[in-house]
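Okay, so here's the structure we're looking at.
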Protein chains: 2
Amino acid sequence: MGASKTDFFTDKQNGIATLTKALGHPARIAIIEYLVKVDTCICGDIVNELPLAQPTISQHLKELKNAGLIKGNVEGNAICYCIDEKAISKLQDYFANISAKLQKKNMCC
Amino acid sequence: MGASKTDFFTDKQNGIATLTKALGHPARIAIIEYLVKVDTCICGDIVNELPLAQPTISQHLKELKNAGLIKGNVEGNAICYCIDEKAISKLQDYFANISAKLQKKNMCC
DNA sequence: TTTTAATATTGCAATATTACGATAAATATA
DNA sequence: TATATTTATCGTAATATTGCAATATTAAAA
């Protein structure tokens, strides 16, 4: 095998898993944090920020974009990538909701 | 290759990536949601909840446990798994922090 | 002690991910 | 137009993940 059985889970579950999976690599976390840090969205120099080759960064950016975590605008011959706030909000809400539900329970362990 | 270059990233980045990676599969999201839903922590019947074989569930549980998202207590010949609230809090805080920082910026795209 | 029940581990096949060199594509600049 | 710059894609090797059948382990119950 090797392929996830996504058909058997709800759209919401698959949606959250898509977002968390995309963030499940330190390089992609680092890219998100870099995008948060810089004021402008000119992101061509992520390559200089991370110890990875340009094709590898490009691939990571593609995965973040496919998952909906970042957006990309062509800006001359460079590309302006930036965070899609909606995706972050979705994750924030998701974990806040779980936290709230856990507060109401007395866990056994 | 195939192995992530974890050495080049910060502990915090690797820590978040470990948590999100563990959640990056719909079955593991479903397990977490099941653990949130049930009042008691008697979790032996996760196998009946999901369309996956017992060894597969056991493997997913192991990954969630290794990442620190769930804890497991031996309870007779069954095992009581439950969510580790600290891990969820960590994720909630992380995304809340990013959201807050994004509010203060005017994104270009 | 034998049996039963609940989980974990092993071994394996199919597939996915990670990383990068080489190269292509697209656009700006000289 | 030729060249430089930026980013994407292709091809490939190494490794990781997913899933399950078979089997082992562990502890309760008979």
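None of these values were measured; they are calculated from a predicted model.
For the pair B/Lys62 and C/dT9, the criterion of a side-chain N or O lying under 4.0 Å from OP1 or OP2 is met. Within the structure, a side-chain polar atom (N or O) of B/Thr56 is placed less than 4.0 Å from OP1 or OP2 of D/dC20. The side chain of A/Tyr81 places no N or O atom within less than 4.0 Å of a non-bridging phosphate oxygen (OP1 or OP2) of D/dT6. Using a 4.0 Å cut-off, no side-chain N or O of B/His60 falls inside it from OP1 or OP2 of D/dT17.
Residues that satisfy the side chain to side chain contact (heavy atoms under 4.5 Å, CB included) test with A/Lys86, not counting sequence neighbours, are A/Asp84. Applying the side-chain hydrogen bond (donor to acceptor under 3.5 Å, both in side chains) rule to B/Asn66 yields no partners; only residues at least two apart in sequence or on another chain are considered. The side-chain hydrogen bond (donor to acceptor under 3.5 Å, both in side chains) check on B/Lys12 picks up nothing, with sequence neighbours excluded.
Counting non-hydrogen atoms under 4.0 angstrom, B/Leu52 reaches the backbone sugars and phosphates but no base. Residue A/Lys65 is out of contact with every strand shown, counting any heavy-atom pair closer than 4.0 Å. In this structure, B/Glu63 reaches the sugar-phosphate backbone alone: every heavy-atom distance under 4.0 Å involves primed, P, OP1 or OP2 atoms, never a base.
Relative to the side chain of B/Arg28, the nucleotides D/dT18, D/dT7, C/dA6 differ in distance, and D/dT18 lies closest. Comparing atom distances between the B/His25 side chain and each of D/dT18, D/dC20, C/dT18 picks out D/dT18 as nearest.
As a whole-Å value, the separation of B/Leu61 CG from D/dG19 C1' is 14 Å. Taking atom CG on B/Asn73 and atom P on C/dA6, their separation rounds to 18 Å, with Å as the unit. In this structure, the CD1 atom of B/Ile31 is 10 Å from the P atom of D/dG19, given to the nearest Å. Distance, A/Asp45 CG to D/dT5 C1': 14 Å, rounded to whole Å. At whole-Å resolution of the value, CD in B/Gln59 and C1' in C/dT7 are 13 Å apart. The distance between atom CG of B/Leu23 and atom C1' of D/dT18, rounded to the nearest whole Å, is 17 Å. Following rounding to the nearest Å, B/Asn48 (CG) and C/dT7 (C1') show an atom-to-atom distance of 14 Å. Taking atom CD1 of A/Ile79 as the reference point, atom P of D/dT5 lies 18 Å away to the nearest angstrom.
Rounding to the nearest 0.5 Å places CD1 of A/Ile32 at 5.0 Å from CG of A/Leu64.
Evaluation of the side chain to side chain donor-acceptor pair (under 3.5 Å) test over residues 13-22 of chain A, restricted to residues two or more places apart or in two chains, returns A/Thr10-A/Gln13, A/Gln13-B/Glu33. For residues 50-62 of chain A, every residue pair satisfying the side chain to side chain donor-acceptor pair (under 3.5 Å) rule, not counting sequence neighbours, is listed here: A/Arg28-A/His60.
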query: Once each nucleotide of nucleotides 21-30 of chain D is scored for protein heavy atoms under 4.0 Å, what B/S/- sequence comes out, 5' to 3'?
result: BB----SS--
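Mapping B/Pro51 and B/Lys21 onto DNA chain D by nearest heavy atom places B/Lys21 at the nucleotide closer to the 5' end.
No more than 12 heavy atoms of other residues, nucleotides or ligands sit less than 6.0 Å from atom CG of B/Asp11.
Side-chain atoms of B/Leu23 and A/Tyr94, non-hydrogen and from C-beta on, never get closer than 4.5 Å to each other.
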